[in-house]
Amino acid sequence: MAPKKGVKAPAKKKEKVVNPLFEKRPKQFGIGGALPPKKDLHRFVKWPKVVRIQRQRRILKQRLKVPPALNQFTRTLDKNLATNLFKMLLKYRPEDRAAKKERLLKRAQAESEGKTVETKKPIVVKYGLNHVTYLIEQNKAQLVVIAHDVDPIELVVWLPALCRKMEVPYCIVKGKARLGSIVHKKTASVLCLTSVKNEDKLEFSKILEAIKANFNDKYDEVRKKWGGGIMGSKSQAKTKARERLIAKESSYFDG
């Protein structure tokens with residue numbers, strides 16, 4: 001019987017040609033057999049103790065409930081505003097050792113020649129916890145910048161409350177090392193600006209407005225917000241299963 005028009009005849013399967021010289025021998029990965037293929041053993045690496053402590057501390061901070069006074073240090077300045085702030089701070093960087101040595105040498109030479117030297121105090125960023133605290137208490141500080149990762153955190157945990165009491169704008173930024181680089185140190189827990197030059201006053205006022213809106217004005221909201229209490233995926237799955245079981249039982253008894 002001839003095939004119907006428009007219907008394709010079934011394609012014949014091609015027979016695979018097997019070379020009798022090459023025998024197929026699959027690998028046996030048992031004991032004493034072939035070496036197993038390489039796997040990603042990243043999970044089984046024994047990391048250095050410092051790294052393990054860092055990771056455990058991070059997990060523990062997620063699990064435990066964090067009081068509002070400590071939780072406020074997780075809310076940091078957004079990237080764009082932080083970039084503008086650090087550009088401003090870099091303009092008022094204090095002199096390093098080499099610059100200070102050069103200035104003192106010039107001053108000594110001028111004095112030895114009998115010339116009068118003008119000693120005008122430069123406008124620079126102030127640093128040091130005790131110094132900044134004194135400036136805040138004296139109402140001389142115009143902006144206080146606090147690092148979010150100070151250890152122990154108790155060193156700066158009271159600073160936001162003091163700034164708000166004295167009505168001084170403050171902000172929390174990422175990285176004590178980043179603050180330290182501005183004042184030629186490894187780290188700095190807090191920086192402070194007491195005044196700026198006339199040409200920077202407009203830009204500085206804009207930064208202050210944004211910082212006040214993000215930190216000083218939201219202090220009452222932040223003061224009540226607890227952090228942490230985020231459990232792992234397994235624990236969350238168990239809790240959800242328990243809730244489903246309770247809901248099922250309650251609907252059974254209600255029905």
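No side-chain heavy atom of Glu102 sits under 4.5 Å from any side-chain heavy atom of Leu105. Annotation: side chain of Thr239 is not in contact with side chain of Met231 (no heavy-atom distance under 4.5 Å). You'll find the side chain of Trp226 stays beyond 4.5 Å of the side chain of Val66, heavy atoms only. Annotation: side chain of Ile136 is in contact with side chain of Cys163 (closest heavy-atom distance under 4.5 Å). The side-chain heavy atoms of Tyr127 and Val132, taken from C-beta on, include no pair separated by under 4.5 Å. Counting heavy atoms from C-beta outward, Arg57 and Lys61 have side chains that approach closer than 4.5 Å. Looking at heavy atoms from C-beta onward, Val190 lies in side-chain contact with Leu129 at the 4.5 angstrom threshold. Residues Met88 and Asp200 form a side-chain contact, since some pair of their non-hydrogen atoms from C-beta on lies under 4.5 Å apart.
When the shell of 6.0 Å around CG of Leu35 is examined, it contains 12 or fewer heavy atoms from other residues, nucleotides or ligands. With a 6.0 Å radius and a threshold of 12 heavy atoms from other residues, nucleotides or ligands, Arg93 has its CZ atom above the threshold. Atom CD of Glu23 sits in a sparse spot, with 12 or fewer heavy atoms from other residues, nucleotides or ligands closer than 6.0 Å. Atom CG of Asn139 is surrounded by more than 12 heavy atoms from other residues, nucleotides or ligands within 6.0 Å. Heavy-atom neighbours of Glu167 CD from other residues, nucleotides or ligands within 6.0 Å: at or below the threshold of 12. Heavy atoms from other residues, nucleotides or ligands lying under 6.0 Å from CD1 of Ile31 number 12 at most.
When all heavy atoms of Pro68 and Arg223 are compared, the closest pair comes out as CB-O, 3.1 Å. Nearest heavy atom pair, residue Ile211 against residue Cys171, reads CG2-CB, 3.8 Å. The two atoms that bring Pro36 and Phe29 nearest to each other are CA-CD2, 3.8 Å, heavy atoms only. Across Ser189 and Leu179, no two heavy atoms sit closer than the pair O-CD1, 4.0 Å. Nearest heavy atom pair, residue Ala210 against residue Leu81, reads CB-CD2, 3.6 Å. Of all heavy-atom pairs between Tyr219 and Tyr170, the closest is CD1-OH, 3.6 Å.
Taken from CG in Leu89 to CG in Asn84, the straight-line distance is 11.0 Å, to the nearest 0.5 Å. Atom-to-atom distance recorded for Arg58:CZ and Gln62:CD is 6.0 Å, nearest 0.5 angstrom. Considering CD of Gln109 and CZ of Arg107, their distance stands at 13.5 Å, rounded to 0.5 Å. Note that CD1 of Ile246 and CZ of Arg244 are 11.5 Å apart. Values are rounded to the nearest 0.5 Å. In this structure, NZ on Lys240 lies 11.0 Å from OG on Ser235, to the nearest 0.5 angstrom. For the atom pair CZ of Phe73 and CG of Leu159, the computed distance is 7.5 Å after rounding to the nearest 0.5 Å.
Val124 is not connected to Phe204 by any chain of hydrophobic side-chain contacts under 4.5 Å among Ile, Leu, Val, Met, Phe, Trp and Tyr, and they are in different clusters. Tracing side-chain contacts under 4.5 Å through hydrophobic residues (I, L, V, M, F, W, Y), one never reaches Leu135 starting from Leu208; they form parts of separate clusters. Under a hydrophobic-cluster definition in which Ile, Leu, Val, Met, Phe, Trp and Tyr are linked whenever side-chain heavy atoms come within less than 4.5 Å, directly or via other members, Val45 and Val51 are assigned to the same cluster. When hydrophobic clusters are built by joining Ile, Leu, Val, Met, Phe, Trp and Tyr residues whose side-chain heavy atoms come closer than 4.5 Å, directly or via intermediates, Val222 is not grouped with Ile172. No single ILVMFWY cluster, assembled from side-chain heavy atoms under 4.5 Å apart, contains both Leu70 and Leu64.
Under the 4.0 Å criterion applied to side-chain N and carboxylate O atoms, Arg164 and Asp220 are assigned as salt-bridge partners. Between Lys225 and Glu221 there is no salt bridge, since none of the side-chain N atoms of the basic residue sits less than 4.0 Å from a carboxylate O of the acidic one.
In terms of modelled atom types and a separation under 3.5 Å, the side chain of Arg52 and the main chain of Lys46 share no donor-acceptor contact. For the pair Ser181 (side chain) and Arg178 (backbone), a donor-acceptor distance under 3.5 Å is present. In this structure a side-chain-to-backbone donor-acceptor pair under 3.5 Å is missing from Asn214 to Leu77. Judged purely by atom type and a 3.5 angstrom limit, Tyr92 uses its side chain to pair as donor or acceptor with the backbone of Lys197.
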Let me check something: any side-chain donor-acceptor pairs from residues 140-157 under 3.5 Å, sequence neighbours excluded? List them with distances.
from	atom 1	to	atom 2	distance (Å)
Gln142	NE2	Thr194	O	3.0
His148	ND1	Gly175	N	3.2
Asp149	OD1	Lys176	N	3.0

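Each of Arg55, Arg63, Gln56 was checked for a side chain to side chain contact (heavy atoms under 4.5 Å, CB included) with Ile59, and the lone residue meeting it is Arg63. Checked against Glu95 for a side-chain hydrogen bond (donor to acceptor under 3.5 Å, both in side chains), the options Lys100, Arg103, His184 give a single hit: Arg103.
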